Structures are given as C-alpha cells and as structure tokens.
Amino acid sequence: MNTQRIGAIFEKDIKDFMKNMMLLMMPIVPIILALIYSRLGEGEELPIPMLYLIVGVTFSSVTASCMMTMMAEENEKKTLRGLMLSPASFMDIIIGKSLVVGLMTFIALAISLFFAGVKPFLSVQAIIGLILLFLFFLFLGIGIGLFTKSVASTSAYLMPVMFLFGFTPMIEFFGLGEDSIAITIADLFPIMQLIKMHDTNSWVPIGVVAIWTIGAALFTYICFKKERTDD
C-alpha cells in the first residue's frame, strides 16, 4: 500500500467529484428526507426503522451511487484500465477512490442524523453496524461500477440496489403478514438485521451484516480481477 499513490488518486477523484453536479446533488437527498421526517415527527424521536431508512437512503444514494458513477465514468473514458495496469495496487485504488465517497457519506449522514436523531447510533454496537453497512454499500458500488461501461447505464443497477438494500424498511408499510415470504427474506438483509440488533441488543445481526460485507468484498475483487484481465 503506497500513501503517495492513494493521495494522488484521492486528489484526482475529489476534483472530478466537485465538477460533477449529479454527484454533488446526491448527498442532499438524505438530508432533505431527514428534514421532512423530522418535521412529521413533530419534535418526537423517530422510530428505529424510519431512522434506518434514512441511513439506507444515505448509503445507497451517496456511497453506492457515487462510487459506481465515478467508476463507470472512468470506464467510459477508458481511463480505468490504465489505472488498473499502473503500479498502483488493488488496495491503493480501492482506498484512494473510497476516501472521497467516504467523506461525502459521513457529511451527509452526520447532517441527516442531526435532524432525524443521532442518539440511537451512539453505542459501540450501532457504530460497528454502521461501519459494516458503509463497507457493504461501498464494495457493492465499486463492484457494479467496474463492469458498468457507461454512466448512463448505472441507473439500471442503482435502482435495484436502492430498493433492495437501501429502502428495505419500507416493506413494513406494505401490510404484509409476519409469515410472508417477502418479509422473511427481507429480514435477512443488512439494514433489517441492524434494526433487529436494536430490538434485541444481540450481536448476532452484526455477524450477519459482516457476512454480507465479506460477500460484497469478494464480488468487488472478482469484478476487479476480471476487468484487469485483458480481453
């Protein structure tokens, strides 16, 4: 791992981020949602599922979306392959590109929870859960961005990611029975596991989210190796 190469990648990406209006608008989405929900709550503390919906929107619309867009943009400009074939290692590229997205995610999440309610996330257990969730969406965004050939096509992948993993708590609003197959499957998803963690104070959901994160990391590594291999 080379800090100079990581710094160079970070510097390049933050300049690209600031020039892209679409990317700059993404962190505003969860902040607006948090403001609306906080007004609906009339000063009362929002329920845990609603707070995690804001967290899910933040991670899907900022972390995953911005990362896959940045990767796809480099793919479209044919600069990603050159970066992969450069002396920069896999970790150099991943860390360098993640720093900008991580910074924007942290800012968006901090402001959103400031309005919606940060108290439930001030325990060690909840912080570990948020870090794992961030890494899951980050790896998912990198992996999808690696095989997406254009920025326009990222929307085809972004919407399923947002609805399946970011908006998962909304399934409770559909009025499905507790024994529904959809509910049973959704309960295994990362955000629902973290909601369960708050309800039961158990560490088991953290382990489940860790498995999801490892799976996303393996997905990213496979996509990276495939992209790096010449056709």
Side-chain angles (χ1 to χ4, degrees), residues 9-33 53-86 88 90 92-109 112 132-170 189-191 212-213 215-229 231:
I9 294 170
F10 170 78
E11 186 177 346
K12 172 188 173 297
D13 282 352
I14 199 163
K15 289 178 180 177
D16 290 343
F17 194 99
M18 293 302 176
K19 294 176 184 175
N20 193 319
M21 284 304 298
M22 184 178 73
L23 293 179
L24 284 172
M25 290 299 294
M26 297 311 288
I28 299 175
V29 175
I31 295 173
I32 293 175
L33 183 66
L53 177 60
I54 294 171
V55 170
V57 171
T58 304
F59 286 151
S60 58
S61 67
V62 182
T63 311
S65 173
C66 290
M67 181 55 76
M68 71 173 69
T69 300
M70 290 167 68
M71 299 292 287
E73 191 173 27
E74 293 222 36
N75 241 336
E76 193 172 17
K77 294 178 180 178
K78 309 298 182 184
T79 55
L80 185 59
R81 177 60 63 87
L83 183 61
M84 290 180 174
L85 297 178
S86 71
F90 176 72
D92 291 342
I93 297 170
I94 294 301
I95 295 173
K97 287 193 162 295
S98 301
L99 286 175
V100 177
V101 173
L103 177 63
M104 295 302 169
T105 300
F106 175 77
I107 293 171
L109 186 63
S112 298
L132 287 172
L133 196 63
F134 165 73
L135 292 174
F136 168 75
F137 279 98
L138 180 71
F139 287 131
L140 201 61
I142 294 171
I144 294 173
L146 282 170
F147 66 75
T148 307
K149 300 304 179 184
S150 67
V151 175
S153 61
T154 57
S155 58
Y157 301 99
L158 176 60
M159 296 313 293
V161 168
M162 293 185 73
F163 281 104
L164 285 174
F165 298 108
F167 299 166
T168 323
M170 290 186 69
F189 279 43
I191 290 182
W212 277 97
T213 304
L218 289 174
F219 167 68
T220 297
Y221 185 71
I222 291 169
C223 292
F224 181 88
K225 295 292 286 186
K226 184 178 180 181
E227 185 68 24
R228 191 167 187 172
T229 304
D231 294 331

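Every value quoted in this text rests on a predicted model; they were computed, and no experiment measured them.
- Within the model, atoms CE of Met25 and OG of Ser61 stand 11.5 Å from one another, a figure rounded to the nearest 0.5 Å.
- Looking at every heavy atom in both residues, Thr58 comes nearest to Ser112 through OG1-OG, 4.3 Å.
- Under a 3.5 Å cut-off, the side chain of Thr148 and the backbone N or O of Ala72 do not form any donor-acceptor pair.
- Side-chain contact between Pro27 and Ile107: absent, with no pair of heavy atoms (C-beta onward) separated by less than 4.5 Å.
- A side-chain donor from one of Thr105 and Thr63 sits under 3.5 Å from a side-chain acceptor of the other.
- The distance from the CE atom of Met71 to the OG1 atom of Thr220 is 8.5 Å, given to the nearest 0.5 Å.
- With sequence neighbours excluded, the residues satisfying ring pair (Phe, Tyr, Trp, His ring centres under 6.0 Å) with Phe163 are Phe167.
- Put simply, CE on Met22 and CZ on Phe17 are 10.0 Å apart, with the number rounded to the nearest 0.5 Å.
- If you take CG on Leu103 and CZ on Phe10, they are separated by 6.0 Å, rounding to the nearest 0.5 Å.
- When all heavy atoms of Met67 and Val101 are compared, the closest pair comes out as CE-CG2, 3.7 Å.
- Val29 has its side chain within reach of Val57: a pair of non-hydrogen atoms, C-beta onward, lies under 4.5 Å apart.
- Closest of all the heavy-atom pairs between Met18 and Leu24 is O-CD1, 3.4 Å.
- In this structure, Phe165 and Ser60 have side chains that are not in contact, with every pair of non-hydrogen atoms separated by 4.5 Å or more.
- The two residues Gly166 and Ile191 come nearest to each other via the heavy atoms O-CD1, 3.7 Å.
- Counting heavy atoms from C-beta on, the side chains of Glu73 and Asn20 come closer than 4.5 Å.
- Between Met26 and Cys66, the shortest heavy-atom distance links the atoms CB-SG, 3.9 Å.
- Under the rule for a ring pair (Phe, Tyr, Trp, His ring centres under 6.0 Å), the partners of Tyr157 that lie at least two apart in sequence or sit in another chain are Phe147.
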Report all side-chain donor-acceptor pairs from residues 135-145 shorter than 3.5 Å, counting only partners two or more places apart or in another chain.
none

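- What you find for Asp13 and Gly96 is that their closest heavy atoms are OD2-O, 4.2 Å.
- We find the CE-CG distance between Met104 and Leu109 to be 14.5 Å, quoted to the nearest 0.5 Å.
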